[in-house]
Amino acid sequence: MADWRAVGEPIARQVAAGVPQPEALNAAGRAPLRFVPQADLPEGQAYEDFIFATGQVPTREGLHDFFNALCWMQFPLAKKRLNHLQAREIARAGVGQVRGPVRDAATVFDENAVLIQTSDAVWTALNEHRWFDAFVGLRGEWAHTRLWTFGHAALEKAVQPYKSITVHLWRVPQSVVKTELDAWLAQDLTPEKLARKPFSPLPLLGVPGWWLANEDPAFYADASVFRPRRSSRLSEKPYANAEITPMA
């Protein structure tokens, strides 16, 4: 939560004091659009389309939409890019039961992505689900690994953490500096790349230093959390597991 504290805590204090969440978020003046009550979303209009058309984000009370708003403040260019991609797909294909590969991936990214900047060795081990190698054998590499949580559902889960929280990694090149991260990400989120779903799952509490229990190598022996790699046929939809299904 460290990257979010300076901005988030003053807003959270206002909400706790009784200020409506959209009002408290707007008062911060850090987002490129406005937050409005959920009731402002017209019946029958898609959420992403409404944001694109009006520059307003329907916002419910509670942590889920609170973290979504903070993400608009932290990553305004990338969030705007995701919204434009969603709106374009809605204009092209309409709103149906099946989102299509680009909207699927954009939704997963928005809800559950964690950005990672790490060595080739760590990335390969994570991508191949060689968990012991990634977290124990290469543990020293994590001192030089940088993680940024993007997904607001992932942030909400981390408030009350449990071992099976799983996020979706999106790799950031080592050459990208923090001040350029948002702009780089907005450029990197192309329809073609999203449609390929280049995510790699990460059991969040396995990150060295993020959970005391993982100092014991036996922590990673839990195959119900640190699962072997499945075939591509079984992992086409990145949120097929109910654990990471985006909220309605």
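For this chain, numbers begin at 1 and follow the sequence in order. When reading the values below, keep in mind they use all heavy atoms of this one structure, side chains included, and skip hydrogens, waters and symmetry mates.
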Q: Contact between E111 and E156 at the side-chain level, heavy atoms closer than 4.5 Å - yes or no?
A: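 E111 does not reach E156 side chain to side chain.
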Q: Can you tell if the side chain of L70 reaches within under 4.5 Å of the side chain of L155, non-hydrogen atoms only?
A: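 L70 vs L155: side chains apart.
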Q: With the side chain counted from C-beta on, respond yes when F150 and L82 share a heavy-atom pair under 4.5 Å apart, and no when they do not.
A: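 Side-chain contact under 4.5 Å: yes.
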Q: Answer yes or no: is there a donor N or O on one side and an acceptor on the other, between the side chain of K80 and the main chain of A186, under 3.5 Å?
A: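 Judged by distance alone, no pair lies under 3.5 Å.
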Q: Checking the side chain of Q21 only, and the main-chain atoms of V15 only, is there a donor and an acceptor separated by less than 3.5 Å?
A: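 No, because the side chain of Q21 does not come within donor-acceptor range (under 3.5 Å) of the backbone of V15.
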Q: Report yes if the side chains of E89 and E48 come closer than 4.5 Å at any heavy-atom pair, otherwise no.
A: no
Q: Working to the nearest 0.5 angstrom, can you tell me the gap between H144 NE2 and Q117 CD?
A: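 Answer for the NE2-CD pair, H144 versus Q117, is 13.0 Å.
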Q: Write down the atom of P208, the atom of F135, and the distance for their closest heavy-atom approach.
A: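 Looking at all heavy atoms of both residues, the shortest contact is CD-CD2, 3.8 Å.
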Q: Test W170 against every option in F199, W184, W148, W123 by the ring pair (Phe, Tyr, Trp, His ring centres under 6.0 Å) rule and name the one that passes.
A: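 By the ring pair (Phe, Tyr, Trp, His ring centres under 6.0 Å) criterion, W170 pairs with just one of F199, W184, W148, W123: F199.
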Q: Is there a donor-acceptor pair under 3.5 Å between the side chain of E128 and the backbone N or O of R229?
A: no
Q: Can you tell me if D110 uses its side chain to pair, donor with acceptor, with the backbone of K79 under 3.5 Å?
A: no
Q: Find the distance between OG1 (T59) and NE2 (H64) and round it off to the nearest 0.5 Å.
A: 10.5 Å
Q: Taking atom types as modelled, is there a side-chain donor on T107 or Q86 under 3.5 Å from an acceptor on the other?
A: yes
Q: Is any side-chain heavy atom of F75 less than 4.5 Å from a side-chain heavy atom of L181?
A: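 Sidechains of L181 and F75: in contact.
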Q: With a 4.5 Å cut-off on side-chain heavy-atom distances among I, L, V, M, F, W and Y, is there a chain of contacts connecting V7 to V159?
A: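 Cluster IDs for V7 and V159 match.
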Q: Kindly indicate, with the supporting measurements, whether the criterion side-chain contact (heavy atoms from CB on, under 4.5 Å) is fulfilled by V57 and L33.
A: CA-CA 7 Å; V57 181; L33 34 59; 3.5 Å; yes
Q: Mind checking whether M73 and L25 have side chains closer than 4.5 Å, heavy atoms only?
A: yes
Q: Under the 6.0 Å and 45° cation-pi test, does K157 pair with F67?
A: no
Q: Check R81 with D188, please: is the shortest side-chain N to carboxylate O separation under 4.0 Å?
A: no
Q: OG1/T54 to CG/D40 distance, rounded to the nearest 0.5 angstrom?
A: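 Spacing of OG1 (T54) from CG (D40) equals 9.0 Å.
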Q: Taking A134's backbone N and O only, do any of them form a donor-acceptor pair with W142's side chain (distance below 3.5 Å, no angle check)?
A: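 Yes, the answer is positive, given that a donor and an acceptor are paired below the 3.5 Å cut-off.
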Q: Donor-acceptor pair, distance only, cut-off 3.5 Å: does the side chain of Y220 make one with the backbone of G206?
A: yes
Q: To the nearest 0.5 Å, how far apart are CD in Q187 and CG in D182?
A: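 One finds 11.0 Å between CD of Q187 and CG of D182.
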Q: Is there a donor-acceptor pair closer than 3.5 Å between any side-chain N or O of S175 and the backbone N or O of P173?
A: no
Q: Any side-chain to backbone donor/acceptor pair from D65 onto R60? Under 3.5 Å, distance only.
A: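 Flag set: sc D65 to bb R60 pair under 3.5 Å.
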Q: Between OG of S200 and CZ of R171, what distance do you get to the nearest 0.5 Å?
A: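 Rounded to the nearest 0.5 Å, the OG-CZ separation comes out at 10.5 Å.
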Q: I'd like to check P101 versus K197 (side-chain heavy atoms, cut-off strictly below 4.5 Å). Are they in contact?
A: yes
Q: Which heavy-atom pair separates Q45 from L41 by the least distance, and what is that distance?
A: O-CD1, 3.6 Å
Q: Is the CZ atom of R34 crowded by more than 12 outside heavy atoms at less than 6.0 Å?
A: no
Q: I116 pairs by side-chain contact (heavy atoms from CB on, under 4.5 Å) with which of V207, L126, V172?
A: L126
Q: Mind listing the closest non-hydrogen atom pair of F66 and I11 along with its distance?
A: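 What the structure gives for the nearest pair is CE1-CG2, 3.7 Å.
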Q: Pairing donors with acceptors under 3.5 angstrom, does anything connect the side chains of N214 and R139?
A: yes
Q: Could you check whether any side-chain heavy atom of Y47 comes within less than 4.5 Å of a side-chain heavy atom of N83, counting everything from C-beta outward?
A: no
Q: Applying ring pair (Phe, Tyr, Trp, His ring centres under 6.0 Å), run through H129 and W131 and close with a yes or a no.
A: CA-CA 5 Å; H129 298 193; W131 307 115; 5.0 Å; yes
Q: Group every Ile, Leu, Val, Met, Phe, Trp and Tyr by side-chain heavy-atom contacts under 4.5 Å, then state whether Y162 and V114 land in the same group.
A: yes
Q: Any link between I51 and L77 through a network of hydrophobic side chains (Ile, Leu, Val, Met, Phe, Trp, Tyr) touching at under 4.5 Å?
A: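 Hydrophobic grouping puts I51 apart from L77.
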Q: Treating Q56 as the side-chain partner and F50 as the backbone partner, does any N or O pair qualify as donor plus acceptor under 3.5 Å?
A: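 No; zero donor-acceptor contacts below 3.5 Å.
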Q: Please check if W211 and F132 belong to a single hydrophobic cluster, counting links between Ile, Leu, Val, Met, Phe, Trp and Tyr side chain heavy atoms closer than 4.5 Å.
A: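 Same hydrophobic cluster.
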Q: Is a side-chain donor or acceptor of N26 paired with a backbone partner of F35 at a separation under 3.5 angstrom?
A: yes
Q: State, to 0.1 Å, how close E141 and S119 come at their nearest heavy-atom pair, and which atoms those are.
A: OE1-OG, 3.2 Å
Q: How long is the straight-line distance from CG of L85 back to CD1 of I90, given to the nearest 0.5 Å?
A: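 Separation between the atoms: 11.0 Å.
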Q: Locate the shortest heavy-atom distance separating L185 from A78; write the atom from each residue and the value.
A: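 Closest approach of L185 to A78, heavy atoms only: CD2-CB, 3.6 Å.
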Q: Does atom CD (Q174) have a neighbourhood of more than 12 heavy atoms from anything else shown, all under 6.0 Å?
A: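 More than 12 within 6.0 Å, yes.
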Q: What are the two closest heavy atoms between L169 and L147, and how far apart are they?
A: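 Nearest heavy atoms, L169 then L147: CD2-CD2, 4.4 Å.
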